[in-house]
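Beneath this line is the structure, given in structure tokens, with notes to follow.
The basis for the numbers below is simple: all heavy atoms, side chains too, and nothing from hydrogens, waters or symmetry mates.
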Amino acid sequence: MLGALLLYGTEVRAADLPTALQANTLRAQILPKQYTTISSELPARLEKLPLEEGARFKNGDLLASLDCSLQRAQLEKARAALTAAEKLREVNSKLLQLKSVGELEVVTSSAEAAKARAEVAVMTATVAKCAITAPFSGRIVEWKARPHQFVQSGQALLELLDDSNLEVEFIAPSRWLQQIKTGSPFTLHVDETGQAYSAKIVRIGAKVDAVSQSIKVNGQFMQAVPGLLAGMSGRVVMDLPAAAQ
């Protein structure tokens, strides 16, 4: 901050500014480093959601299952067609040795067998999408659909987050770029807990907002933070030289 600035057309000295501004306090939010929304990849009936909202899960745990009886039947049909195609290919190969069929029949039956194998692979991959597993360890934030509901391909089912690695995000004045850097310490005073937590800057945004003359900054806690939840907010306090305020 310069020695003075204009507020509503009136020049105000830095010493006359409210204490909060002089103390370098900014509003910040606690966010999970990993979070996502799980969607259905198939149009099907949602069979079950085994975990309630707020429940914890581990990487690979079952989060949702779809009723895929039709897809499983199609897979069995594809496997039967593959068995028949493979047998025909084997028979034609033997008959070719006996000069009872031409090479065209062997090539055709081989192509049909390859086509049947591809169909089995497609249906196997489709059936695998009926069981939706966790991409990381974390907690269920919200159900986006309900059991027994028919869901479309791409429809959201669950919102997830990983609360084991929380970050602090805030918007800082771009003039602070002269003073802050990766590793710069700050303190976060969390409203919900009434406590202060030590943190440090781990990322600084790649672009300054020209209108607000601000930049996004992400921080990381320096110690374990039991009791903190994503979505909590508070004040960032950072000691900066007066010239940077």
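- Under the salt bridge (charged side-chain N to carboxylate O under 4.0 Å, His left out) criterion, Glu86 pairs with Arg89, Arg117, sequence neighbours left out.
- Pairs passing the salt bridge (Lys or Arg N to Asp or Glu O under 4.0 Å) check and including a residue from residues 200-210, sequence neighbours excluded, read Glu167-Arg203.
- Applying the salt bridge (Lys or Arg N to Asp or Glu O under 4.0 Å) rule to pairs touching residues 123-134 yields Glu41-Lys129, sequence neighbours excluded.
- Annotation: side-chain hydrogen bond (donor to acceptor under 3.5 Å, both in side chains) contacts involving residues 66-75, sequence neighbours excluded, comprise Arg45-Asp67, Asp67-Ser69.
- Residue pairs meeting the side-chain hydrogen bond (donor to acceptor under 3.5 Å, both in side chains) criterion with at least one member in residues 52-65, sequence neighbours excluded: Arg56-Asp163.
- Not one N or O on the side chain of Glu76 forms a donor-acceptor pair closer than 3.5 Å with the backbone of Ala73.
- Residues meeting the side-chain contact (heavy atoms from CB on, under 4.5 Å) test with Ala196, sequence neighbours left out: Thr187, His189.
- Distance check: Leu31 CG to Asn218 CG gives 7.5 Å after rounding to the nearest 0.5 Å.
- Taking Glu142 as the reference, Lys144 meet the side chain to side chain donor-acceptor pair (under 3.5 Å) condition, with sequence neighbours excluded.
- Among residue pairs with one or both ends in residues 147-158, none qualify as salt bridge (Lys or Arg N to Asp or Glu O under 4.0 Å); sequence neighbours excluded.
- Put simply, CD1 on Ile201 and NZ on Lys181 are 10.5 Å apart, with the number rounded to the nearest 0.5 Å.
- In this structure Lys77 satisfies the side-chain contact (heavy atoms from CB on, under 4.5 Å) test with no other residue, sequence neighbours excluded.
- Under the side chain to side chain donor-acceptor pair (under 3.5 Å) criterion, Ser214 pairs with Ser212, not counting sequence neighbours.
- Residues meeting the side chain to side chain donor-acceptor pair (under 3.5 Å) test with Thr193, sequence neighbours left out: Tyr197.
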>> I'd like to know whether Ile215 forms a side-chain contact (heavy atoms from CB on, under 4.5 Å) with Trp176, so could you lay out the CA-CA distance, the side-chain angles of the two residues, the decisive distance to 0.1 Å, and finally the verdict.
In response: CA-CA 9 Å; Ile215 191 165; Trp176 285 20; over 6 Å; no
>> For Leu46 and Ser40: C-alpha separation, side-chain torsions, deciding distance, then whether side-chain contact (heavy atoms from CB on, under 4.5 Å) applies.
In response: CA-CA 9 Å; Leu46 181 56; Ser40 172; over 6 Å; no
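- Remark: Phe57 pairs with no residue by the ring pair (Phe, Tyr, Trp, His ring centres under 6.0 Å) rule, at least two apart or across chains.
- Gln179 contributes atom CD, which lies 12.0 Å from atom CG of Asp239 (distance to the nearest 0.5 angstrom).
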